[in-house]
Amino acid sequence: MLSSTIKKSDLIMPYFVIEGKRKREPIISMPGIARLSIDNLLKDIGELRKLGIKKVLLFGVCPPKYKDEKASYAYSLEGIVPQAVAAIKRELKDVTVITDVCLCAYTLHGHCGIVKSRVKIDNKKTLKALSEIALRHAEAGADWVAPSAMAKKQVYTIRKSLDKNGFKKTKILGYSAKFASNFYGPFRDAADSAPKFADRRAYQLDYSDLRQALSEIEDDIKEGADAVMVKPALSYLDIISRAKQKFNKPLVAYNVSGEYSFVKLGAKFGFWDERKMVNEIMASIKRAGADSIITYHAKDIAGWPKEN
Ligand code: PBG
């Protein structure tokens, strides 16, 4: 386990869920991480829980044949995420389940919203789709939904729709300060969600703009977010630190796929010791002010022997 300030209860482990049975598809760009079918997902989360981590973040992977312009698979009753949530809640009751709410893995073009033209997002239609997705996840038993599309008013709209449908207790984690970052590369491979044209700068934040980042966090809090996020983590420790000082809400940092794969690949080449590197990274994110950390290292960390 980690030497200094990190507790297992601070960590959230992300998972990619696929259809089928007994599936474990290693993700080449993320050594040690695989896409799992629900049976294997339950096994893996069972191990994670035994190691002391009880919080997971789920991403659905959409079979290519179900992708369309409207991301229909994301909010269909047979969607993979609602099925996975229900299974976890049935078998591993005390695990806190957070679901990612976005369209990019489900649209043909790979953008996070319904596209009007290249690349203008139809915010109204996107909000409707996001609310439907969040509802499916809540119906299945998700404890938290985490909208990550960066659509305007997404937190407000989802909160309203959850309340109206009897899910007042389902919490919202806003991907509040989500930057248009190069560090998501491996994830897009994992979730098959890379944009087919243009990029995400039309809706994700400019990484040189501190003010905008803080105002997006403030907006999410006003819209009713129960917790807010800064993503990625390492190049954005200043934002984490400012947000911690400025706002009185649980603050989550997302140590994203590119940050993870750097460490893994460097360790493989013998550039550094993986555990020592992960310790330093986790301590720095905590030191900056994050209350929780979403990290693909979570399961590894939990299995490491305690340091003195
Ligand atoms: C979906 C989403 C992304 C990530 C989390 N949710 C990808 C993106 O915005 O392109 C990235 C996570 C990671 O890199 O680990 N919008």
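Every value quoted in this text rests on a predicted model; they were computed, and no experiment measured them. Numbering of ligands and ligand atoms starts at 1, following listing order. In what follows, every heavy atom counts, from backbone to side chain, and hydrogens, waters and symmetry copies are set aside.
Ring orientation note: the planes of His111 and Phe197 are tilted relative to one another, at an angle of 30° to 60°.
For the side chain to side chain contact (heavy atoms under 4.5 Å, CB included) test, residues two or more places apart in sequence or in another chain that qualify with Ala202 are Val119. Residues forming a salt bridge (charged side-chain N to carboxylate O under 4.0 Å, His left out) with Lys89 (at least two apart in sequence, or on another chain): Asp143.
Taking every heavy atom of Tyr254 and a limit of under 4.0 angstrom, the matching atoms of ligand 1 come to 12 (C), 15 (O). Interface of Cys112 with ligand 1, defined as ligand atoms under 4.0 Å from a residue heavy atom, comprises 16 (N). Here is the list of ligand 1 atoms found below 4.0 Å of a heavy atom in Phe59: 5 (C), 6 (N). Residue contact check: Asp100 has heavy atoms under 4.0 Å from atoms 6 (N) of ligand 1.
The number of heavy-atom neighbours closer than 6.0 Å to CZ of Arg242, taken from other residues, nucleotides and ligands shown, is 12 or below. Annotation: Phe262, atom CZ; neighbour count of heavy atoms from other residues, nucleotides and ligands within 6.0 Å does not exceed 12. More than 12 non-hydrogen atoms from other residues, nucleotides or ligands lie less than 6.0 angstrom from CG of Leu108. When the shell of 6.0 Å around CG of Asn248 is examined, it contains 12 or fewer heavy atoms from other residues, nucleotides or ligands.
Residue contact annotation: Lys231 has a non-hydrogen atom under 4.0 Å from ligand 1. By the 4.0 Å heavy-atom criterion, Tyr260 is excluded from the residues contacting ligand 1.
Between Arg200 and ligand 1, a contact under 3.5 Å exists for at least one N or O pair.
Of the protein's non-hydrogen atoms, the one nearest atom 15 (O) of ligand 1 is Tyr296 OH, 2.6 Å. The protein atom (non-hydrogen) at minimum distance from atom 16 (N) of ligand 1 is Lys178 NZ, 2.6 Å. If you check which protein heavy atom lies closest to atom 14 (O) of ligand 1, you get Ser257 OG, 2.7 Å. With hydrogens left out, the protein atom closest to atom 12 (C) of ligand 1 is Phe187 CD1, 3.3 Å, a heavy atom.
Within the 4.0 Å heavy-atom criterion, the part of Cys104 lying near ligand 1 is the side chain and not the backbone. Under 4.0 angstrom from ligand 1, the non-hydrogen atoms of Cys102 all belong to its side chain.
Side-chain atoms of Lys55 come within 3.5 Å of backbone N or O of Ser9 as a donor-acceptor pair.
A cation-pi arrangement is absent between Lys178 and Tyr254 under the rule of less than 6.0 angstrom and at most 45 degrees off the ring axis.
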